[in-house]
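A short write-up of the structure that comes next.
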There are 2 protein chains.
Amino acid sequence: MLQYRPPPATLDPIFHALADPARRGMLERLTLGPASVTQLAEPLPMSLSAVVQHLAVLEASGLVRTQKVGRVRTCTLDTAALTRAETWINERRVAWERRLDRLGEYLAQTKPDDEARGGDR
Amino acid sequence: MLQYRPPPATLDPIFHALADPARRGMLERLTLGPASVTQLAEPLPMSLSAVVQHLAVLEASGLVRTQKVGRVRTCTLDTAALTRAETWINERRVAWERRLDRLGEYLAQTKPDDEARGGDR
DNA sequence: TCGATACTGAAGCATATGCTTTAGTATTCT
DNA sequence: AGAATACTAAAGCATATGCTTCAGTATCGA
């Protein structure tokens, strides 16, 4: 039997989900282990309904997976979406740093030991 | 003379800025090197005004720094904000993975060679 | 069985977002 | 000087977001 696969989360909903402190708080809580909706809501200064709406955003982004047993919905972190976001950022940052390195080499070749004297303006 | 320091960007505006494909496109362009507003706007299917508004969001988040010379505003990537976002995500992902490792060890101790038989879930 | 628990769903509302268009201003080029 | 360039500013508008409250429904526990 095939294992259930969530739809591949795109970056838009992932970053959008991460942009709210309440939602990041919920994720933070989930790094400690699975939690019920009520447990997620407990530290947050808002109604349970609001938390459920934040949870829907997290689930839509793929960052959180939930499963209902009896009357309790248990939420767990799904790091695949987290990794997707991390990878995107990392690739851009690395691309930029490679560019700075090339620029540095070029400058070193063009006017050697100039960077050692640290001339400003 | 003290160098100008941008205000420390918080995660909310950084992730919010990253949540839009047009803005990510602009960042992507900037990894290739500094660009003017018009150059950033060129590939985007929207008015220049809209691009300027996206740029304001990027600047408010600290992801982009701009500087105007003559009539041209030149934009550059600031990887500090990018790193801040990357670090937050990474720390949470690592925390979760450490937790899974501990859980694995515990299960291995409790009922040895259970994980070798490849139970699902 | 009956009350408490754990959500679920919908409506309502203030504010934020993502554009557009129109109308500028400041520079640079010819 | 006059035209083209590169933004800048503001208003307007449709839709999205982040809550709230109120009114359920489905368990679970005594």
For the residue pair [X] and [Y], what are the closest heavy atoms and their distance?
X      : Y      : result
L30(B) : T76(B) : CD1-C, 4.4 Å
Q39(A) : A35(A) : OE1-CA, 3.3 Å
C75(A) : L40(A) : SG-CD1, 3.8 Å
R29(B) : P34(B) : NH2-O, 3.7 Å

Check: Is any NZ, NE, NH1 or NH2 atom of the basic residue among R65(B) and E59(B) found under 4.0 Å from an Asp or Glu carboxylate oxygen of the other?
Finding: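 Answer for the salt bridge query: no.
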Notebook entry, point to check: Is there a residue in residues 31-45 of chain B whose heavy atoms reach under 4.0 Å of DNA chain D, and which residues are they?
Noted result: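 By residue number: S36(B), V37(B), T38(B).
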Next item on the list: Specify the residues of residues 46-54 of chain A, ordered by number, for which at least one heavy atom lies under 4.0 angstrom from an atom of DNA chain D.
Entry: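 Heavy-atom cutoff 4.0 Å gives M46(A), S47(A), S49(A), A50(A), Q53(A), H54(A).
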Notebook entry, point to check: Hey, where on DNA chain C does chain B first and last touch, going 5' to 3'? Cut-off is any atom under 4.0 Å from a heavy atom.
Noted result: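 Contact boundaries, 5' end first: dT17(C) to dT28(C).
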Check: Toward the 5' end of DNA chain D, which comes first, G70(A) or L55(B), by nearest nucleotide?
Finding: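 Residue closer to the 5' terminus by nearest nucleotide: L55(B).
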Margin query: Please report the end-to-end axis angle for the helix from dT1(C)-dA30(D) to dT30(C)-dA1(D), five pairs per end, rounded to 10 degrees.
Written below: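 The helix from dT1(C)-dA30(D) to dT30(C)-dA1(D) shows an end-to-end axis angle of 30°.
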Item checked: All side-chain contact (heavy atoms from CB on, under 4.5 Å) counterparts of R98(A), not counting sequence neighbours ->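 With neighbours one apart ignored, the set is V94(A), R102(A).
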Check residues 12-25 of chain B and write down every donor-acceptor pair under 3.5 Å in which the side-chain atom is one partner and the other belongs to a residue at least two apart or another chain.
unit_1 : atom_1 : unit_2 : atom_2 : d
D12(B) : OD1    : R24(A) : NH1    : 3.2
D12(B) : OD1    : R24(A) : NH2    : 2.6
D20(B) : OD1    : A22(B) : N      : 2.8
D20(B) : OD1    : R23(B) : N      : 3.3
R23(B) : NE     : A17(B) : O      : 2.9
R23(B) : NH1    : H54(B) : ND1    : 3.1
R23(B) : NH2    : H16(B) : O      : 3.1
R24(B) : NH1    : D12(A) : OD1    : 3.2
R24(B) : NH1    : L18(B) : O      : 2.8
R24(B) : NH2    : D12(A) : OD1    : 2.6

Check: Does one side chain, of R93(B) or T79(A), offer a donor that lies under 3.5 Å from an acceptor on the other?
Finding: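 No, no side-chain donor-acceptor contact under 3.5 Å.
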Check: Within the side chain of E91(A), is there an N or O that forms a donor-acceptor pair under 3.5 Å with the backbone of W88(A)?
Finding: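 Absent.
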Check: Should R92(A) and E28(B) count as side-chain neighbours, where that means a heavy-atom distance under 4.5 Å?
Finding: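 SC-SC contact between R92(A) and E28(B) confirmed.
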Next item on the list: Would you kindly confirm whether L48(B) and M26(B) end up in one hydrophobic cluster when ILVMFWY residues are joined by side chain heavy atoms under 4.5 Å apart?
Entry: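 L48(B) and M26(B): one cluster.
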Next item on the list: May I ask whether V72(B) and L55(B) are part of the same hydrophobic cluster, defined by side-chain heavy atoms of I, L, V, M, F, W, Y residues being less than 4.5 angstrom apart, directly or through others?
Entry: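 No; tracing contacts between hydrophobic side chains, which count when under 4.5 Å, never links both residues.
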